Amino acid sequence: MGFHKYFLNAKKDSKYFYFSYPETMSQLHQIALTFVKNIGPSLGKVLVSHLGGAEAVFNAPKYKLLGVPGIAEKTFNNLNFNEALQKAEEELNFIEKNNIDVLFYTDSRFPKRLKNCFDSPILLYSKGNADLNARRIVSIVGTRNATDYGKQLCAQLIEELQQYDVLVVSGLAFGIDVTAHRECLKNKVTTVGVLGHGLDRMYPSQNRVTADKMLENGGLLTEYPSGTIPDRENFPQRNRIVAGIADATIVIEASVKGGALITAEIANSYNRDVFAFPGRVDDVYSEGCNFLIRNNKAALLTCVADLAYSLGWEKPDDTKPVEQFMLPLDLTSDEQTIFDIIQQHKAPLAIDDLTLKTNMPMSQLAMNLLNMEMQGFIRSLPGKMYKVS
């Protein structure tokens, strides 16, 4: 389909032409929005929110665009809508030929965990069959110069993760990244690689065979269109997707200046759990992990059981007792009320919900919860969630 076919019902306003497009062209506009100069993901979302959709952004007259926060006269004068639509059409042709999925941030298939991050992409290109909203997702990162110790840790970790039905995300780089992906393939664990370039290439090229195999049980993900080369500055951007898409980030081996520590810092900024395997104090590729643990930026990890306990995971084949819990005899009346409420809910309850359901002051509730946890009646989970032990 030629670009000229999209120019329907043209209307002139100032020095710009605005066009009405068929409803089926919404994906074209979503892609085009990423090609507009000076409009990054954050401002792009503001535009879509204020104007009602990607198509509406391209059809909006000048006065409406200038009414959007962040769009000043100078920004408006630099809007390259026509050029962006031309590039988007080329990209649309590429993704159709290569069976690539486009996930706009309003799409229900867009990773919900990532969407909640303040600087998340407005659009992702995906290839494969992975569910990016899987129940359990962890990211595994580490040095490109993985030692035998790090590779063995990675292999053991993936083997143990198999029983928890986890999606594993990494960056398909040399070292720990590609080791994690390959161990996932070996153990039939779904795995996704996040790239710092377009889906028309593979960097490093040596990992192409692994990447192709991942499409059968997982896939590839990037925010970059075809033609984007693996520039150095793309990889810190890539790392925010690795951190934001998962419940937790696991650092296996890392130096103090490696990209893995950047990913861990980003995960911390998103209020996500970070775990790290400790290493020898004189090992340069364990310095980063030891630094994270020492500075309380990561929890110490020795096995999957540590991870499962911290995240409140249960194995799929865990059997549940048929009978209800016996009522504890040594709880106060307030604690008994809290226990009953938590027990009645299958899913863990947040402390804010407990405050509403018990009508207790936060300070009193927190003290009761602490006492109950110390006695072993309940467990606290990440995000101030609670469940019966």
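Numbering starts at 1 and runs along the sequence shown. Quick caveat, the model's predicted, so the values are computed rather than measured.
Classified by interplanar angle (parallel below 30°, tilted 30° to 60°, perpendicular above 60°), the ring pair F58/H29 is perpendicular. Note: H197 and Y203 have perpendicular aromatic rings, judged against thresholds of 30 and 60 degrees for the angle between ring planes.
For D282, the CG atom is densely surrounded, since the number of other residues' heavy atoms within 6.0 Å is greater than 12. Shown here is N295, whose CG atom has more than 12 heavy atoms of other residues, nucleotides or ligands within 6.0 Å. Other residues, nucleotides and ligands contribute only 12 or fewer heavy atoms inside 6.0 Å of the CE atom of M367. Within 6.0 Å of NZ in K213 there are 12 or fewer heavy atoms belonging to other residues, nucleotides or ligands. When the shell of 6.0 Å around CZ of R294 is examined, it contains more than 12 heavy atoms from other residues, nucleotides or ligands.
Judged by distance alone, the side chain of T191 and the main-chain N or O of V168 form a donor-acceptor pair under 3.5 Å. Between the side chain of R135 and the backbone N or O of D165, no donor-acceptor pair lies under 3.5 Å. Although no hydrogens or angles enter the test, the distance criterion places a donor-acceptor pair under 3.5 Å between the side chain of T222 and the main chain of L195. Although no hydrogens or angles enter the test, the distance criterion places a donor-acceptor pair under 3.5 Å between the side chain of N129 and the main chain of E216. Here the side chain of D177 pairs no donor or acceptor atom with the backbone of S170 at under 3.5 angstrom. The backbone N or O of T75 sits nowhere less than 3.5 Å from a side-chain atom of N38 that would complete a donor-acceptor pair. In this structure, N187 contributes its side chain and Q162 its backbone to no donor-acceptor pair below 3.5 Å. The backbone N or O of K127 sits nowhere less than 3.5 Å from a side-chain atom of N99 that would complete a donor-acceptor pair. The main-chain N or O of R109 is found under 3.5 Å from a side-chain atom of D107 such that the two form a donor-acceptor pair.
With 3.5 Å as the limit, one finds no donor-acceptor pair spanning the side chains of Q152 and Q156. Side chains of D119 and Y270: a donor-acceptor N/O pair is present below 3.5 angstrom, by distance only. In summary, the side chains of D340 and Q336 do present a donor paired with an acceptor at a separation below 3.5 Å, with no hydrogens or angles considered.
The line from CG of D273 to CG of L307 is 8.5 Å long, rounded to the nearest 0.5 Å. In this structure, K87 NZ and L28 CG are separated by 14.0 Å, a value rounded to the nearest 0.5 Å.
Residue pairs meeting the salt bridge (Lys or Arg N to Asp or Glu O under 4.0 Å) criterion with at least one partner in residues 67-76, sequence neighbours excluded, are K62-E73.
Hydrophobic clustering, with ILVMFWY side chains joined whenever heavy atoms are under 4.5 angstrom apart, keeps I293 apart from I262.
Between D247 and R113, at least one side-chain nitrogen of the basic residue sits less than 4.0 Å from a carboxylate oxygen of the acidic one, meeting the salt-bridge criterion.
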Do L157 and V304 pass the side-chain contact (heavy atoms from CB on, under 4.5 Å) test, and can you show the C-alpha distance, the side-chain angles, and the key distance before you say yes or no?
CA-CA 6 Å; L157 175 66; V304 166; 3.5 Å; yes

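Side-chain contact between P230 and R201 is present, with heavy atoms from C-beta onward closer than 4.5 Å.
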